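Keep in mind the model is a prediction, meaning the values are calculated, not measured.
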Amino acid sequence: MVCYLEVRCAYAIAKLKRHASEKLGTEFRLANPSSLSDGFLDDQAEQVDSAQCLGWRDAQDGCDDRVPFLFADEPALSAAWRRGVNQYRLIANLQNCTSCRTARFDPCPKHG
């Protein structure tokens with residue numbers, strides 16, 4: 001299971017590598033051949049996805065709405081975490097709505 005610190009550190013490393021690649025250009029890419037295929041953006045996207053999953057899990061566990069401390073100062077991670085929380089709550093509302101359930105989870109006018 002992924003934890004906040006793991007996501008935050010991996011995101012920071014990918015961000016630093018991307019920044020170094022942009023600043024140093026060819027020299028950095030030759031020293032780091034794995035960076036040839038937008039790997040840094042993929043690494044960042046993977047951590048954003050993980051933050052969203054953590055938001056879903058936290059909402060499932062009944063957390064409050066405060067963004068975790070390790071994500072609070074990174075806009076991409078905090079937005080992804082909030083997105084996960086909001087998606088979980090939407091699904092929970094649809095599952096608890098008798099009108100949506102009657103329509104076999106085709107959202108009712110309130111949720112549609």
Side-chain angles (χ1 to χ4, degrees):
M1 185 174 294
V2 179
C3 69
Y4 302 111
L5 183 59
E6 186 179 343
V7 171
R8 177 59 189 207
C9 289
Y11 186 84
I13 289 168
K15 193 173 181 180
L16 286 170
K17 285 182 177 179
R18 183 177 54 92
H19 183 69
S21 175
E22 290 170 357
K23 293 293 181 192
L24 299 175
T26 307
E27 298 87 19
F28 183 83
R29 288 186 193 93
L30 290 174
N32 296 283
S34 64
S35 70
L36 293 176
S37 65
D38 291 334
F40 304 136
L41 292 177
D42 293 344
D43 290 347
Q44 282 183 285
E46 184 179 331
Q47 300 316 314
V48 168
D49 289 345
S50 293
Q52 186 171 340
C53 290
L54 285 169
W56 177 285
R57 187 188 71 191
D58 289 347
Q60 205 171 21
D61 292 343
C63 74
D64 57 18
D65 286 338
R66 287 180 297 181
V67 174
F69 175 74
L70 290 171
F71 294 171
D73 67 339
E74 184 55 61
L77 296 178
S78 62
W81 184 87
R82 282 191 192 101
R83 201 168 37 253
V85 169
N86 292 335
Q87 286 177 344
Y88 174 81
R89 289 182 179 157
L90 174 63
I91 296 298
N93 284 338
L94 292 175
Q95 289 174 338
N96 293 326
C97 175
T98 55
S99 298
C100 291
R101 280 200 321 254
T102 302
R104 299 180 192 248
F105 295 101
D106 185 22
C108 68
K110 178 183 174 186
H111 295 111

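- Residues meeting the side-chain hydrogen bond (donor to acceptor under 3.5 Å, both in side chains) test with Q60, sequence neighbours left out: none.
- Pairing each heavy atom of V48 with each of A76, the nearest pair is CG2-CB, 4.1 Å.
- Here the side chains of Y11 and D43 are not in contact, with every heavy-atom distance at 4.5 Å or above.
- The minimum heavy-atom distance between S78 and P75, with the atom names listed, is OG-O, 3.2 Å.
- Considering only residues two or more places apart in sequence or on other chains, E74 meets the side-chain hydrogen bond (donor to acceptor under 3.5 Å, both in side chains) condition with K15.
- The structure places CG of L77 at 5.5 Å from CZ of F71, a figure rounded to the nearest 0.5 Å.
- Taking the side chain to side chain contact (heavy atoms under 4.5 Å, CB included) definition, one finds that C9 meets it with L5, sequence neighbours left out.
- In terms of heavy-atom proximity, G55 sits nearest to V85 at O-CG2, 3.3 Å.
- In this structure, Y88 has no side-chain hydrogen bond (donor to acceptor under 3.5 Å, both in side chains) partners at least two apart in sequence or on a different chain.
- By the side-chain hydrogen bond (donor to acceptor under 3.5 Å, both in side chains) test, D73 pairs with R8, sequence neighbours left out.
- A distance of 5.0 Å separates CZ in R57 from CG in L54, rounded to the nearest 0.5 Å.
- A salt bridge (Lys or Arg N to Asp or Glu O under 4.0 Å) check over residues 76-94, counting only residues at least two apart or in different chains, returns the pairs D65-R89.
- In this structure the side chain of Q95 reaches within 4.5 angstrom of the side chain of I91, judged on heavy atoms.
- In plain terms, the two heavy atoms of W81 and D58 that are nearest each other are NE1-OD2, 2.9 Å.
- For the residue pair E6/Q47, the side-chain donor-acceptor check at 3.5 Å is not satisfied.
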